[in-house]
2 protein chains.
Amino acid sequence: MSDRVSTRQRRLLLEILRETGSHLSAKELFRQAVQRDPRISLASVYRNLHLFEELGLVDGKRLDRNCCYYEVKRSRQHYDLVCNCCGRVTEFESPLIEKLVGEVQERTAFEVTKAVLYLEGYCKQCEGQSKKP
Amino acid sequence: MSDRVSTRQRRLLLEILRETGSHLSAKELFRQAVQRDPRISLASVYRNLHLFEELGLVDGKRLDRNCCYYEVKRSRQHYDLVCNCCGRVTEFESPLIEKLVGEVQERTAFEVTKAVLYLEGYCKQCEGQSKKP
DNA sequence: TATTAGAATAAGAATAGTTCTCATTCTCAA
DNA sequence: TTGAGAATGAGAACTATTCTTATTCTAATA
């Protein structure tokens, strides 16, 4: 696996990820990519998303049962709040997570490389709703 | 959906979950269940795992790309450390998580119903290894 | 105990996200 | 420009999960 990101497809995918900013599923990323380059294949999308993750360019998160969502890695770590009702994703930041990771590393001799954290619940608009909309 | 848990299959599944204690995939749970009752079907395993989750008897966690892992809910909340190398899952507890959830609820008016948190990395034994074993 | 309506089940088909395969195409160092 | 190795496209394959439907079970009631 090379360190370079130098193919037409990779450039296009990163471009879309950077422009979009928010969470994209592989399918949606593919949909957008096809519009600009009809020759691109879904396999390349998956292949390169994995590559980008390995290179640390992109973060992949599984926010629901179905699929992963990807976004370019940002300088400030953030975590997601996923509404069970409307599906909207909002973000939050907190130093408590770094603190938690530190605590774990000290107490357990486990070398943490990635923290998977998100919270499910109901957003302001959907509060008081029951399980399904 | 009833509140009762009164079928042969449900009793068996809960029994296995309780005996095992640790994380079981649907497939593995099915494998064990078939040994005791060859007539049980995989569909029942999934159906009832969802039911148990709704009833608050069981926790389902997606610790890797592939599938969910289930275990009976315990009184003390815990979170998992998943080794990228050997796959072993160890557990940890920390009050920081409750603190974090509280912070989110205060700051964002988001009503949290579930916190999904686990850490990936390398356990003591596998430390220093590169990505794949 | 027998009846019975509604709930749960078994079996396997269907679905969907993801990964794999391999022949073809591209990239880039020389 | 060339050639070796890397990346791609197309679609088949895979896998976890969900759905469908005829059948069976459960448990409240007679």
Side-chain angles (χ1 to χ4, degrees), chain A residues 1-17 23-55 57-71 82 87 116 131-132, chain B residues 1-17 23-55 57-71 82 87 116 131-132:
Chain A
M1 180 88 53
S2 90
D3 274 350
R4 290 164 278 108
V5 178
S6 53
T7 69
R8 182 168 41 85
Q9 293 86 342
R10 289 179 183 171
R11 269 177 263 120
L12 174 58
L13 294 173
L14 272 181
E15 197 177 295
I16 295 171
L17 285 162
H23 306 86
L24 277 177
S25 64
K27 197 173 150 192
E28 173 62 16
L29 176 56
F30 175 60
R31 206 184 58 70
Q32 293 194 31
V34 162
Q35 293 184 341
R36 304 198 202 173
D37 178 356
R39 287 174 300 168
I40 199 169
S41 87
L42 185 57
S44 290
V45 171
Y46 279 108
R47 227 178 348 230
N48 288 320
L49 281 173
H50 292 329
L51 174 67
F52 298 158
E53 275 195 286
E54 278 179 36
L55 296 178
L57 297 172
V58 158
D59 256 344
K61 302 176 183 178
R62 179 180 290 278
L63 297 182
D64 63 34
R65 262 205 207 309
N66 302 324
C67 63
C68 278
Y69 296 90
Y70 298 87
E71 63 176 10
V82 185
V116 174
K131 293 252 157 148
K132 289 279 146 70
Chain B
M1 182 90 53
S2 90
D3 275 351
R4 291 164 277 112
V5 178
S6 53
T7 70
R8 181 167 43 84
Q9 293 85 344
R10 288 178 185 173
R11 270 176 262 120
L12 174 59
L13 294 174
L14 272 181
E15 198 176 294
I16 294 171
L17 284 162
H23 306 84
L24 277 178
S25 65
K27 198 171 149 194
E28 173 64 15
L29 177 56
F30 175 59
R31 206 184 58 71
Q32 292 195 31
V34 162
Q35 293 185 340
R36 304 199 202 172
D37 178 355
R39 286 174 302 169
I40 200 170
S41 88
L42 184 57
S44 289
V45 171
Y46 279 107
R47 222 177 355 229
N48 289 318
L49 281 173
H50 291 330
L51 175 66
F52 298 158
E53 275 195 285
E54 278 180 35
L55 295 178
L57 297 172
V58 159
D59 257 344
K61 302 176 183 178
R62 180 180 291 277
L63 298 182
D64 63 36
R65 262 205 209 308
N66 302 324
C67 64
C68 278
Y69 296 88
Y70 298 87
E71 63 176 8
V82 185
V116 174
K131 291 253 158 143
K132 289 280 146 68

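Every salt bridge (charged side-chain N to carboxylate O under 4.0 Å, His left out) that Asp37(A) has, sequence neighbours left out, goes to Arg8(A), Arg39(A). For Tyr69(A), the side-chain contact (heavy atoms from CB on, under 4.5 Å) partners two or more places apart in sequence, or in a different chain, are His23(A), Ser25(A), Leu63(A), Asp64(A), Cys67(A). Take Arg62(A) and apply the salt bridge (charged side-chain N to carboxylate O under 4.0 Å, His left out) test, not counting sequence neighbours, and it matches no residue. Among residues two or more places apart in sequence or in another chain, the side-chain hydrogen bond (donor to acceptor under 3.5 Å, both in side chains) test is passed with Glu28(A) by Arg31(A), Gln32(A).
For the pair Leu57(B) and Leu17(B), the minimum side-chain heavy-atom distance is 4.5 Å or more. Looking only at side-chain heavy atoms (C-beta outward), Val116(B) and Val82(A) stay at 4.5 Å or farther from each other.
The overall bend of the helix from dT1(C)-dA30(D) to dA30(C)-dT1(D), read as the angle between its terminal helix axes built from five base pairs each, is 30° when rounded to 10 degrees.
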When every nucleotide of nucleotides 10-22 of chain C is labelled 5' to 3' by its protein contacts under 4.0 Å (heavy atoms), B for base, S for sugar-phosphate only, - for none, what sequence of letters results?
BBB----SBBB--
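The interatomic distance linking Leu24(B) (CG) with dA16(D) (P) rounds to 15 Å, in whole Å. One atom, CG of Leu51(B), and another, C1' of dT17(D), lie 17 Å apart when rounded to the nearest Å. Atoms CG (Leu12(B)) and C1' (dC25(D)) sit 16 Å apart, rounded to a whole Å. The interatomic distance linking Leu13(A) (CG) with dA7(D) (C1') rounds to 13 Å, in whole Å. Taking atom CZ of Arg10(A) as the reference point, atom P of dA6(D) lies 11 Å away to the nearest angstrom. With rounding to whole Å, Phe30(A) atom CZ is found 13 Å from dT8(D) atom C1'.
Pairs passing the salt bridge (charged side-chain N to carboxylate O under 4.0 Å, His left out) check and including a residue from residues 40-50 of chain B, sequence neighbours excluded, do not occur.
OP1 or OP2 of dT8(D) lies within a sub-4.0 Å distance of a side-chain N or O belonging to Thr7(A).
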